[in-house]
Amino acid sequence: MTPKEGEWVVQRGPDKFLGSPLEQRLKEKGIQTVIVTGTSAQGVGIGVGSGAAQRGYKVVVPVDGLASDDAFMELYAAYHLAKGGPAVVIEKVTLTKTDMIKF
């Protein structure tokens, strides 16, 4: 998955909401659901996924859209977001696969 031309990308720290205008941009566009992907399952997956859920967003995480150098980290991130994290997170997160996402 790659961003389309003109799409905004944040590349700092695990929780992309911290220290960036991400939440403001989402609110300005009326966005209520975010899809989280990245190359650091334990960082971006848990950091952004949890951060978005805690801010009230519905979070969609395609497990084939999260990668890590360690397969355990990919499994851990999926488990944490779907079953093992705080209730405020797991109630807002849906795990799926990229080919199951419809717009």
Side-chain angles (χ1 to χ4, degrees):
M1 299 180 89
T2 58
K4 293 179 183 176
E5 186 174 330
E7 285 186 326
W8 187 67
V9 177
V10 180
Q11 295 191 8
R12 75 171 108 199
D15 185 345
K16 307 305 186 207
F17 288 91
L18 297 176
S20 79
L22 178 57
E23 187 169 18
Q24 175 187 342
R25 287 173 170 245
L26 295 173
K27 285 183 177 183
E28 286 172 357
K29 295 182 181 282
I31 294 172
Q32 298 176 356
T33 302
V34 296
I35 300 171
V36 176
T37 63
T39 57
S40 172
Q42 69 279 13
V44 73
I46 294 174
V48 177
S50 294
Q54 291 177 58
R55 289 169 175 85
Y57 294 92
K58 293 178 186 174
V59 181
V60 176
V61 180
V63 294
D64 56 332
L66 287 180
S68 178
D69 292 337
D70 182 340
F72 175 78
M73 293 297 187
E74 293 176 19
L75 292 171
Y76 171 75
Y79 173 77
H80 180 84
L81 291 167
K83 300 280 185 195
V88 67
V89 172
I90 63 174
E91 66 188 20
K92 295 278 190 180
V93 173
T94 300
L95 291 183
T96 189
K97 292 177 20 179
T98 54
D99 62 357
M100 296 178 73
I101 298 172
K102 305 288 185 235
F103 295 94

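Heavy-atom basis, side chains included; hydrogens, waters and symmetry copies ignored.
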Rounding to 0.5 Å, atoms CD (Gln24) and NZ (Lys29) come to a distance of 11.5 Å
Where does the angle between the aromatic ring planes of His80 and Tyr76 fall among parallel (under 30°), tilted (30 to 60°) and perpendicular (over 60°)? tilted
Are Tyr57 and Leu26 packed together at the side-chain level, in the sense that at least one heavy-atom pair is separated by less than 4.5 angstrom? yes
For Thr98, does its backbone N or O pair with a side-chain atom of Asp64 as donor and acceptor, under 3.5 Å? yes
Given 3.5 Å as the limit, does a donor-acceptor pair link the side chain of Glu74 with the main chain of Ala71, or not? no
CG on Leu22 to NZ on Lys27, rounded to 0.5 Å: 11.0 Å
If hydrophobic clusters are built by linking Ile, Leu, Val, Met, Phe, Trp and Tyr wherever their side-chain heavy atoms come under 4.5 Å apart, do Ile90 and Leu66 end up in the same one? no
Are Val60 and Val34 side-chain neighbours, meaning at least one heavy-atom pair lies under 4.5 Å? no
Do Ile31 and Phe17 belong together in a cluster built from hydrophobic side chains that touch within less than 4.5 Å? yes
Got a donor-acceptor contact below 3.5 angstrom from the Arg25 side chain to the Pro21 backbone? no
Report yes if the side chains of Lys16 and Val44 come closer than 4.5 Å at any heavy-atom pair, otherwise no. yes
Indicate yes or no: at least one non-hydrogen side-chain atom of Val61 is less than 4.5 angstrom from one of Thr94. no
A quick test of your reading: do over 12 heavy atoms of other residues, nucleotides or ligands sit less than 6.0 Å from CG of Asp69? no
How close do Val36 and Gly45 get, heavy atom to heavy atom, and via which atoms? CG1-CA, 4.2 Å
Could you list the residues that satisfy side-chain hydrogen bond (donor to acceptor under 3.5 Å, both in side chains) with Gln32, not counting sequence neighbours? none
Flag yes if Leu75 and Leu81 sit in one hydrophobic cluster, no otherwise; membership is Ile, Leu, Val, Met, Phe, Trp, Tyr, and two members link when side-chain heavy atoms are under 4.5 Å apart. no
Mind checking the CG-CD spacing from Asp15 to Gln54? Nearest 0.5 Å is all I need. 8.0 Å
